[in-house]
Amino acid sequence: MPTRPYAILEAPSTLGLSTDGVECLPDRLLDLGLADRIHARRAGRLAVPPKEPKPDPATGVLNAGAIASWSPTLADAVEKVLNAGEFPIVLGGDCTIVLGSMLALRRRGRYGLFFIDGNADFFQPEAEPNGEGASMDLAFVTGHGPALLTDLEGRRPLVRIEDTVAFAFRDHKDQAQFGSQPLPAGLMACDLPTIRRLGVEAATRAAIDHLTRPELDGFFIHLDADCLDDAVMPAVDFRVPDGLSWNELSTALRLILASGKAVGMEVTIYNPRLDGDGGAGSGLAAVLAEGLGTAAPA
């Protein structure tokens, strides 16, 4: 587990989506007691720019300018937490918040990215039906896509391909249907079928080994709620059958945090508006508390 205290940053951005609802994620998880359960300091809430109704004509990406201008603001907030000797937990929001989180680390050195997501998020703008950056964020953060979103502060890539693990994605049919570009050679791809074949412990340990190489200063965790089995996490905007169980995600988080090399984490995409009985949110808060090592599930 991290020896540094946790600090929660609220980053309720929906700039990467054409829909709304995920901006309620921080409020719901905090209402469920997440901060108290992991003994985290509340480090503030960021204001988010307004959304535009249509994709940016130059890039084909929805709210491209707002994402590019707001990501350094999030990076500043993450850096402030890091400078205080704390472990930032960024509550989104959609997946494009990874640009701000990784920009903060890119300013400081060479860090890896443990990208836990039900989707590979490697679409190119011309293949994304709605121009949603939340389907392209892994591409952008690794330097693939328009310079406005990939070369923030002239620091492209925010994380190197060889320092990235895509873990638990299962959207292969959608990638093929819409024509997503393939994940590049050199990126460690550990999709859900691989996890099923190896077992979650072995797969997680292999990913940790990849991200704890001596040349890396540490790594950041991106956690998208849609990595979870659709049967237990239906409160996401883009649903895909299957996924990790609560226990598998808890096991993975426990091992990742036990490595001592994780420097921060973000949580995205859970949409409380789609959580009719509240069970998905309660389960997510519980698995986060368990995985972060200071409380048992409720």
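Positions are given from 1, in the same order as the sequence printed here. The basis for the numbers below is simple: all heavy atoms, side chains too, and nothing from hydrogens, waters or symmetry mates.
When all heavy atoms of Gly85 and Pro5 are compared, the pair lying nearest together is O-CD, 3.7 Å. Of all heavy-atom pairs spanning Cys190 and Ala203, the tightest one is SG-CB, 3.8 Å. Closest approach of Arg156 to Gly143, counting heavy atoms only: CD-O, 3.5 Å. Between Asp27 and Arg45, the closest heavy-atom pair is OD1-NH1, 3.4 Å. Shortest non-hydrogen contact noted between Arg170 and Pro241 is NE-O, 2.8 Å. Pairing each heavy atom of Ile161 with each of Leu187, the nearest pair is CG2-N, 3.3 Å.
Annotation: side chain of Asp163 is in contact with side chain of Arg110 (closest heavy-atom distance under 4.5 Å).
No side-chain N or O of Thr73 forms a donor-acceptor pair with one of Asp76 less than 3.5 Å apart. Using modelled atom types, one finds a donor on one side chain and an acceptor on the other under 3.5 Å when comparing Gln175 with Asp171. With hydrogens and angles left out, the side-chain atoms of Asp226 and Asn119 include a donor and acceptor closer than 3.5 Å. A donor-acceptor contact closer than 3.5 angstrom is absent between the side chains of Asn247 and Ser245.
Atoms NZ and CG, from Lys261 and Leu211 in turn, are 12.0 Å apart once rounded to the nearest 0.5 Å.
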Can you check side-chain contact (heavy atoms from CB on, under 4.5 Å) on Glu266 and Phe220, steps first, answer last?
CA-CA 8 Å; Glu266 66 188 16; Phe220 187 78; 3.6 Å; yes
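A centroid separation of less than 6.0 Å is found between the aromatic rings of Phe167 and Phe114.
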